[in-house]
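Single-structure report; data block below.
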Amino acid sequence: MADSKKWVVMATAQTPTNIAVIKYWGKRDETLILPVNDSISVTLDPSHLCTTTTVAVSPGFEQDRMWLNGKEISLSGGRFQSCLREIRSRACDVEDKEKGIKIEKKDWEKLHVHIASYNNFPTAAGLASSAAGLACLVFSLAKLMNLKENPSQLSAIARQGSGSACRSLFGGFVKWIMGKDENGSDSLAVQLVEEEHWNELVIIIAVVSARQKETSSTSGMRESVETSLLLQHRAKEIVPKRMVKMEEAIKNRDFSSFAQLTCADSNQFHAVCLDTSPPIFYMNDTSHRIISYVEKWNRSEGSPQVAYTFDAGPNAVLIARNRQVAAQLLQRLLFFFPPNSDTDLNSYVLGDKSILHDAGIGDLKDVEALQCPPEITNVPAQKYTGEINNFICTKPGRGPVLLSDESKALLNPESGLPK
């Protein structure tokens with residue numbers, strides 16, 4: 001190892017978040033984070049929802065430190081420690097000939113790391129921020145320390161930080177295999193299809209609340225496992241059959257089956273939450289209204305146009321069959337949930353704004369001029385101004401990538417401290 005205390009070696013990565021369409025809820029092992037059932041998710045386009053993480057190593061660092069969204073946070077938690085320990089044990093030699101730096105495998109145990117992470121979306125509000133964050137931590141550290149493991153093997157490490165993080169190491173549609181081994185070696189993620197496989201899909205997220213949720217997923221799951229009989233039935237009888245049907249629907253791009261399974265599984269997950277003692281309420285009145293509007297529209301069309309799914313929070317993830325449907329969906333959402341009069345439309349509809357154009361909406365006057373959807377019979381329909389924080393228009397996206405542009409790094413290359 002080079003003697004100078006001055007050198008800093010860094011790596012920066014960007015990792016997407018994911019939304020489960022067959023839900024993971026309940027662990028059979030709390031420490032290793034082993035689930036009671038398989039799950040399937042879709043990875044979201046990282047240009048709209050992602051975590052960026054820079055990791056740095058230097059002999060000048062006195063301890064492991066981490067900053068999340070600009071604030072220093074403790075790394076003492078068991079989950080961070082598990083990931084760091086697993087990665088350090090697999091680290092390999094690293095050489096930077098230009099800087100004259102050579103780090104040998106044995107050196108990694110003595111060297112400390114600095115980690116800076118930034119989410120471009122709300123943390124702990126039910127948008128899988130921990131999934132993107134822990135996946136990005138593992139992916140960037142694996143690059144920094146020159147690990148030889150493939151993405152599935154890395155997913156087994158990320159899983160020990162946050163269960164759903166294992167699914168963020170791939171793009172497209174991803175399956176988390178629950179595994180059978182007690183040591184968790186076979187509980188890992190595999191890619192079912194790449195993001196291009198079903199690129200007609202458009203995803204609109206209604207951010208009902210960006211607030212941190214009252215019951216964390218971790219404690220909610222524990223209570224469900226201990227008290228919900230429905231959870232046991234779901235894991236044993238329902239999910240295995242649904243997994244087979246969902247894989248088939250994705251492979252064949254069969255939207256009707258996909259939507260039916262996605263909505264049913266989301267509703268059953270929230271039924272498990274209600275079946276927990278004490279009951280857990282992740283959805284709110286706005287969430288229920290969105291479900292009702294989507295159900296009415298799907299029924300009036302004779303076949304599903306939109307699938308809905310809700311994770312552990314009130315935010316709706318709406319998956320439209322294609323762009324044309326997505327434009328009609330956005331019109332409906334803006335009709336029922338218009339922004340406050342002082343809200344800028346540009347900050348109300350985020351992500352891929354071209355869907356606004358497809359929907360024929362250029363400003364707030366166009367929103368005010370929207371007609372009540374034909375499937376709504378009780379006219380005048382009630383509007384719920386201000387109930388939605390914003391909408392994010394996105395699509396299925398790619399897995400993690402290393403960013404070579406040093407200007408995107410979150411840490412200073414000289415000091416290894418946040419910029």
Is there a side-chain contact between [X] and [Y] (heavy atoms, below 4.5 Å)?
X: Leu84; Y: Leu141; result: yes
X: Trp25; Y: Cys273; result: yes
X: Ile290; Y: Phe337; result: yes
X: Leu134; Y: Val138; result: no
X: Val55; Y: Val113; result: no
X: Ile19; Y: Asp311; result: yes
X: Met221; Y: Tyr24; result: yes
X: Arg332; Y: Tyr293; result: no

Between [X] (side chain) and [Y] (backbone), is there a donor-acceptor pair under 3.5 Å?
X: Thr43; Y: Phe170; value: yes
X: Asp366; Y: Asp363; value: yes
X: Ser155; Y: Ser152; value: yes
X: Lys23; Y: Ser39; value: no
X: His112; Y: Glu62; value: yes
X: Ser82; Y: Gly78; value: yes
X: Arg321; Y: Pro304; value: yes
X: Asp93; Y: Lys105; value: yes

Problem - Residue pairs involving residues 386-419 (criterion ring pair (Phe, Tyr, Trp, His ring centres under 6.0 Å); sequence neighbours excluded) - result: Tyr348-Phe391
Exercise for the section: Sequence neighbours left out, what pairs pass ring pair (Phe, Tyr, Trp, His ring centres under 6.0 Å) with at least one residue falling in residues 39-59? Expected result: none
Practice task
Fit a plane to each ring of Phe255 and Trp198, take the angle between them on a 0 to 90° scale, and name the class: parallel (under 30°), tilted (30 to 60°) or perpendicular (over 60°).
Solution key: perpendicular
Handout entry: Qualifying residue for side chain to side chain contact (heavy atoms under 4.5 Å, CB included) with Asp265, from Met243, Arg234, His270
Key = Arg234
How many angstroms lie between atom [atom1] of [X] and atom [atom2] of [Y], to the nearest 0.5 angstrom?
X: Leu410; Y: Leu68; atom1: CG; atom2: CG; result: 10.5 Å
X: Leu274; Y: Leu230; atom1: CG; atom2: CG; result: 10.0 Å
X: Glu406; Y: Asn412; atom1: CD; atom2: CG; result: 10.5 Å
X: Cys393; Y: Leu318; atom1: SG; atom2: CG; result: 10.5 Å
X: Thr262; Y: Met246; atom1: OG1; atom2: CE; result: 3.5 Å
X: Asp275; Y: Leu231; atom1: CG; atom2: CG; result: 8.5 Å

Listed by chain and number, what are the side chain to side chain contact (heavy atoms under 4.5 Å, CB included) partners of [X], not counting sequence neighbours?
X: Ala264; answer: Arg242, Gln260
X: Ser47; answer: Asp45
X: Lys408; answer: Leu403, Asp405

Please identify each residue that fulfils side-chain hydrogen bond (donor to acceptor under 3.5 Å, both in side chains) with [X], with sequence neighbours left out.
X: Arg398; answer: Gln14
X: Trp297; answer: Glu301
X: Glu72; answer: Arg65
X: Thr51; answer: Asn119

What's the shortest heavy-atom distance between [X] and [Y], and which atoms?
X: Leu364; Y: Ser341; result: CD1-O, 3.8 Å
X: Ile361; Y: Leu334; result: CD1-CD1, 3.5 Å
X: Ser187; Y: Trp176; result: OG-NE1, 3.1 Å
X: Ala235; Y: Pro240; result: O-CD, 3.4 Å
X: Gly386; Y: Asn340; result: CA-OD1, 3.8 Å

Exercise for the section: Give a yes or no on whether a salt bridge exists between Asp352 and Lys395, defined as a side-chain N under 4.0 angstrom from a carboxylate O. Expected result: no
Practice task
May I ask you to check whether Trp108 and Ser89 show a side-chain donor-acceptor distance below 3.5 Å?
Solution key: no
Problem - Centroid separation Tyr282 to Phe310 less than 6.0 Å - result: no
Handout entry: Pairwise salt bridge (Lys or Arg N to Asp or Glu O under 4.0 Å) hits with a residue in residues 143-162, at least two apart
Key = Arg90-Glu149
Completion exercise
salt bridge (Lys or Arg N to Asp or Glu O under 4.0 Å) pairs touching residues 173-196, sequence neighbours excluded, are Lys175-Glu247
Problem - Glu226: partners by salt bridge (charged side-chain N to carboxylate O under 4.0 Å, His left out), with sequence neighbours left out - result: none
Problem - Test side-chain contact (heavy atoms from CB on, under 4.5 Å) applied to Ile319 and Val21, step by step - result: CA-CA 10 Å; Ile319 306 172; Val21 291; 4.2 Å; yes
